[in-house]
Protein chains: 2
Amino acid sequence: MSDLMAEITKAMGFRHYALVHHVDLKPAARSVHIIDYPPDWVDRFQARRLYASDPIHRASHRTNVGFAWSAVQSIISLTAADRSILAEAYEAGLGDGFTVPAHIPGELNGSCSFAMAAGEMLDHRQLPLVQLVGSFAFEAARKISRIHEPEVQCPSLTERQAECVALVARGKTDWEIGQILGIGQETVIQHVKDARDRYGVTRRTLLAIRALFDGQISFADVFGR
Amino acid sequence: MSDLMAEITKAMGFRHYALVHHVDLKPAARSVHIIDYPPDWVDRFQARRLYASDPIHRASHRTNVGFAWSAVQSIISLTAADRSILAEAYEAGLGDGFTVPAHIPGELNGSCSFAMAAGEMLDHRQLPLVQLVGSFAFEAARKISRIHEPEVQCPSLTERQAECVALVARGKTDWEIGQILGIGQETVIQHVKDARDRYGVTRRTLLAIRALFDGQISFADVFGR
DNA sequence: GATGATCTCCCCAGAACTGGGGATAACGCA
DNA sequence: TGCGTTATCCCCAGTTCTGGGGAGATCATC
């Protein structure tokens with residue numbers, strides 16, 4: 001796969017690529033982690049755990065199609081820290097690049113990025129092709145990486161539990177949730193209790209965030225209507 | 001957008017399209033719902049709330065790249081009920097089709113599908129193009145659907161507040177947070193209180209989710225380490 | 001030197017949540 | 001028919017959170 005990626009990267013006129021799930025532990029179970037970036041940068045990336053705060057990764061969590069790194073501020077607003085991360089990457093030899101996000105509900109977020117050497121320009125006419133290649137490359141890597149699946153699936157909630165958790169996420173009290181769903185407060189307490197048990201957490205706040213993270217509820221459930 | 005989609009659909013040799021978030025309530029706040037399917041089928045789809053159980057939708061939740069409907073059983077295993085749904089769609093005038101999933105963490109799942117009339121064949125050489133068009137069409141629709149957003153500028157938290165909220169999001173109690181940050185429990189209570197005030201919310205659960213939503217804290221803050 | 005923002009700490013009353021223990025009824029599956 | 005799952009309801013003791021009220025210290029800015 002690495003060889004193939006290297007070849008494609010070169011053919012499209014790029015210098016580096018990264019086909020990764022956004023986690024820090026590279027030897028993690030079945031996560032994809034195929035990189036050809038300047039080693040210097042990879043080390044720093046790992047050391048500072050940028051996998052989640054890196055602006056490019058953050059932006060990739062906000063969209064469905066690829067984007068040029070130079071246009072990242074049209075997706076998220078950059079803090080001073082973000083700018084310094086980008087500057088540092090540039091120093092390390094990464095020029096402009098293009099990142100294709102890869103999201104599947106309940107799975108780790110990932111992306112496929114291609115980068116020029118520092119100083120070189122992106123060829124914008126090629127970007128649709130890069131988008132396509134990135135998507136399929138990630139999907140291919142994902143399929144390969146899960147051939148041996150022992151399959152740890154995230155806990156699932158019953159419909160009622162999910163409804164309660166969505167309302168918990170909205171900051172409703174158990175009594176309010178009971179009113180909204182037309183059931184007793186005690187019942188709500190029970191549902192929330194059961195949901196907490198399934199996730200193995202003891203606080204409703206973490207419950208809500210976990211449920212949000214793996215798609216049992218969505219931001220739309222929280223802010224919708 | 002409908003006109004544009006109709007044109008593109010035709011140009012690519014398809015008969016129908018559907019650019020949708022996977023929800024039942026079509027007039028929902030900011031969800032995408034642009035469809036040109038046989039009305040008969042749309043009605044039945046709504047009535048039976050297939051948005052969640054339809055095999056095509058289910059399959060689209062399992063992958064990142066588009067797939068031909070005729071190959072859906074390579075993604076999910078079809079039950080008898082699934083087969084009958086597919087057969088029904090065929091009866092209603094939907095032939096083979098191609099669905100491009102669209103997932104963004106924390107948002108509703110969606111997809112962009114194109115379908116032939118019943119009996120016609122997919123041109124497999126076109127599928128990469130369809131993949132590309134589907135992705136961008138969905139992203140465009142998504143962006144348009146949120147132009148009119150009330151546009152509330154998000155409150156910003158002080159560094160200490162953000163640290164406290166991140167730990168709140170991890171389900172820590174105020175006392176635990178105090179231990180972790182090396183400050184008194186009372187101080188933590190104050191920070192959380194101030195953070196709640198800034199967001200104008202009364203529950204820490206909603207505080208955590210709001211802070212997560214607009215990037216004051218990230219999932220990495222919650223699950224990292 | 002005043003003003004505002006931030007961080008730190010304290011007290012209290014009432015509301016909300018958590019972790020135990022119960023119970024009944026409906027449903028599908030074997 | 002029994003077993004498991006789900007949904008509904010109840011009680012209670014103890015903990016945690018929320019919404020009020022304070023206060024002192026630092027720091028930058030005007």
Side-chain angles (χ1 to χ4, degrees), chain A residues 79-81 153-212 216-217 221-222, chain B residues 49 52-53 77 79-82 84 153-212 216-217 221-222:
Chain A
T79 66
Q153 61 215 1
C154 56
S156 82
L157 302 177
T158 67
E159 198 181 328
R160 221 38 169 167
Q161 286 165 8
E163 286 176 314
C164 288
V165 174
L167 289 164
V168 163
R170 294 179 105 129
K172 303 297 183 189
T173 67
D174 291 339
W175 181 84
E176 290 173 315
I177 296 171
Q179 296 298 303
I180 293 168
L181 296 180
I183 58 180
Q185 178 185 204
E186 292 297 338
T187 310
V188 176
I189 291 176
Q190 192 57 49
H191 284 314
V192 174
K193 216 181 281 193
D194 290 341
R196 284 203 319 267
D197 284 346
R198 293 205 176 182
Y199 272 100
V201 301
T202 61
R203 301 281 151 202
R204 59 174 41 205
T205 301
L206 185 50
L207 167 65
I209 286 182
R210 290 279 303 259
L212 194 57
Q216 290 280 338
I217 61 174
D221 293 324
V222 180
Chain B
R49 305 167 68 82
S53 55
S77 49
T79 65
D82 291 335
S84 92
Q153 65 211 10
C154 57
S156 85
L157 302 177
T158 69
E159 197 182 329
R160 223 34 169 171
Q161 286 164 7
E163 286 176 311
C164 288
V165 173
L167 289 163
V168 163
R170 296 179 104 133
K172 305 295 184 189
T173 66
D174 291 337
W175 181 85
E176 290 174 312
I177 295 170
Q179 296 297 304
I180 294 169
L181 296 180
I183 58 180
Q185 180 186 201
E186 291 298 336
T187 310
V188 176
I189 291 175
Q190 191 58 48
H191 284 314
V192 174
K193 214 180 281 194
D194 290 340
R196 283 203 320 269
D197 284 346
R198 292 203 175 185
Y199 273 100
V201 301
T202 61
R203 299 285 149 203
R204 55 172 48 205
T205 301
L206 185 51
L207 167 65
I209 286 180
R210 290 281 302 262
L212 193 58
Q216 290 281 340
I217 62 174
D221 294 323
V222 181

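Residue numbers begin at 1 in each chain, while the letters A, B, ... track the order of the sequences. Values below: all heavy atoms of this structure, side chains included; hydrogens, waters and symmetry mates excluded.
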Query raised in the report: Between atom CZ in B/Arg204 and atom P in C/dA15, what is the gap in whole Å?
Result: 19 Å
Report task. Hey, could you give me the CD1/CZ distance between B/Ile209 and A/Arg170, rounded to the nearest 0.5 Å? Result -> 10.5 Å
Requested in this report: Could I get the full list of side chain to side chain donor-acceptor pair (under 3.5 Å) partners for A/Arg160, not counting sequence neighbours?
Outcome: A/Glu163
Report summary line: Whole-Å distance, A/Trp175 CH2 to C/dA15 P, equals 13 Å
Report task. Would you mind reading off the distance between B/Gln161 atom CD and C/dT6 atom P, rounded to a whole angstrom? Result -> 7 Å
Query raised in the report: Taking five pairs at each end, how big is the angle between the two axes of the helix from C/dG1-D/dC30 to C/dA30-D/dT1, to 10°?
Result: 50°
Query raised in the report: What integer distance in Å separates A/Arg196:CZ from C/dG19:C1'?
Result: 8 Å
**Report entry** Nearest atoms (heavy-atom pairs only) where B/Val165 meets B/Ala195
**Finding:** CG2-CB, 3.8 Å
Query raised in the report: Between atom CG in B/Asp174 and atom P in C/dC10, what is the gap in whole Å?
Result: 14 Å
Query raised in the report: Could you state the interatomic distance from CD (A/Gln161) to CD (A/Gln190), rounded to the nearest 0.5 Å?
Result: 9.5 Å
Requested in this report: Check A/Cys164 against A/Val188 and note the closest heavy-atom contact, atom names and distance.
Outcome: SG-CG1, 4.3 Å
Requested in this report: Specify the separation, in whole Å, of atom CG of A/Asp197 and atom P of C/dT18.
Outcome: 11 Å
**Report entry** Separation of A/Leu181 CG from A/His191 NE2 (nearest 0.5 Å)
**Finding:** 8.0 Å
Query - Short side-chain N/O contact to C/dT8 OP1/OP2 from B/Arg160, under 4.0 Å - result: yes
Query - Length of the line joining B/Ile177:CD1 and C/dC7:C1', which is rounded to integer Å - result: 16 Å
Query raised in the report: Of all heavy-atom pairs between B/Thr205 and A/Ala169, which one has the smallest distance, and what is that distance?
Result: CG2-CA, 4.0 Å
**Report entry** Pair A/Asp194-A/Thr158, side-chain contact (heavy atoms from CB on, under 4.5 Å): steps then yes or no
**Finding:** CA-CA 10 Å; A/Asp194 290 341; A/Thr158 67; over 6 Å; no
Query raised in the report: Roughly how far, to the nearest 0.5 Å, is CG of A/Leu206 from CG of A/Leu212?
Result: 11.5 Å
Query - Heavy-atom contact window of chain A on DNA chain D, given 5' to 3' at under 4.0 Å - result: D/dT6 to D/dT16
Query raised in the report: B/Leu181 CG to C/dC7 C1': how many Å, rounded?
Result: 12 Å
Query raised in the report: What residue pairs, at least two apart or across chains, pass salt bridge (Lys or Arg N to Asp or Glu O under 4.0 Å) with a residue in residues 175-188 of chain B?
Result: none
Query raised in the report: Which residues pass the side chain to side chain donor-acceptor pair (under 3.5 Å) test with B/Asp197, sequence neighbours left out?
Result: none
Report task. Strictly below 4.0 Å, heavy-atom distances to any atom of DNA chain D: list the hits from residues 185-192 of chain A, or just say none. Result -> A/Glu186, A/Thr187, A/Gln190, A/His191
